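A short worksheet on the structure shown next.
All values below were derived from every heavy atom in this structure, side-chain atoms included, with hydrogens, water molecules and symmetry-related copies excluded. Residues: numbered from 1 along the sequence shown. All of these numbers come straight from a predicted model, not from anything done at the bench. One-based numbering, in listed order, for ligands and for the atoms of each.
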Amino acid sequence: MNRKFRYILTPLLLVTALSAFAPSKDKFTPAEMQQISIETPGLFAASDAFTVDFTGVSKSDFSFPLPVGKATPSAGNSELEISTKEGDAVKAMFDGVVRLSRNIPAFGNVIVLRHANGLETVYGENAQNMVKVGQEVKAGQTVAIVGGRNGRSYCRFAIMVNGRRINPETILDIRRHSFKKQLLLIEKRGARIEVNTRSGEKAKTGRSLDPDRESDPFLQSVTFKLNLEEIEQEHWAYPLPGSHVISPYGGKRHHGGVDIKTKPNDKILAAFDGVVTRACAYFGYGNCIVIRHAYGFETLYSHQSRNFVKVGQRVKAGQVIGLTGRTGRATTEHLHFETHFRGRRFNPAVLFDHIGKKLQAVTLTLSKSGMVSSKRN
Ligand SMILES: [Zn+2]
């Protein structure tokens, strides 16, 4: 072990139970048997961190899900698409217990296995599932027949810790179909999971509001919980840094957004990753921009002196999209900022702390009908 690694490891080991986690074999709750992403009971009961030792993994401990398939990262590096030929067998990655085996529209026939090392593995888009909930499986055992979509044969594969996906490439060498021989340090930080490898490299586990990266949660259920603290720093930005609120949302005049002000021609930033769906003069809004995000969110920016983006353009959180102005119905240079969810306006203060210029430390419950409710973490 090199010196740098020892430095990282020592404080963690004090609170680490070494893979002492035993998955339950027959006592899965209905929620565990129906939802792909769900916390693993007891996983962090002993401490907020544990290690998974892959330094001594032997060939019999492990199987690549499709031994002859070609793996490509997808869904923002949270999944692998492993393509192969029709009728191939999907193999369990490690010994484990089947926690879920059913059809979910967004994933087709899907299997989730829970393993003694604390990880869960997900195998989706199967033509046929070959195992039942509660069944014990061995590494390399056939759990499904490969399916796919749109005439292509592939398995959609993901690795989860406590219901959160981790980048499979943190663990797997996808070209060699092998494990990286390393010790993984898995930490629970609030609702987030952080995975550190020997090199100290961080795995991507956080969310974004990028519509191309996040799938539609309402294909699976009518409500969806979004912890804003899981959105990584690089995936959000306060739209007008250094500003103050000159007119809040709502009130007697039913203000549809919040007015925030700095100075004329100041830079306006995209609040989240997304795609521009409007960029033009629009009635009283003046020069207006609307950006579409994941989960049904949109943000609206108006009264700009100039817009720098075009309809259809992809933008990153923090990208300069326009300059503050007073076009449309405005008596002073400011940004009128609106937040929409599934076509309905809601108070931008639900997302942003206007004083701290940061995301609120809340978990939102989003419903398919367009309701947004918020609870402090
Ligand atoms: Zn306004």
### Query
Near the Zn ion (ligand 1), is there an N/O/S atom from His303 that is less than 2.8 Å away?
no

### Task
Please list all pairs passing the ring-ring contact (aromatic ring centres under 6.0 Å, His included) test where one or both residues lie in residues 350-377, with sequence neighbours left out.
Tyr238-Phe352, Tyr238-His354, Phe272-Phe352

### Message
Is the distance between the ring centroids of Phe218 and Tyr295 under 6.0 Å?
### Response
no

### Query
Checking ring-ring contact (aromatic ring centres under 6.0 Å, His included) for the pair Phe341/Phe346: CA distance, chi angles, key distance, verdict?
CA-CA 7 Å; Phe341 177 66; Phe346 66 96; 7.1 Å; no

### Closest approach to the Zn ion (ligand 1) by His255, given as the N, O or S atom name
NE2

### Task
Check His336 and report its N/O/S atom nearest to the Zn ion (ligand 1), by atom name.
ND1

#### Entry: Closest approach to the Zn ion (ligand 1) by Asp259, given as the N, O or S atom name
OD1

### Query
So, Glu230 and Arg164, do they make that salt bridge, N to O below 4.0 Å?
yes

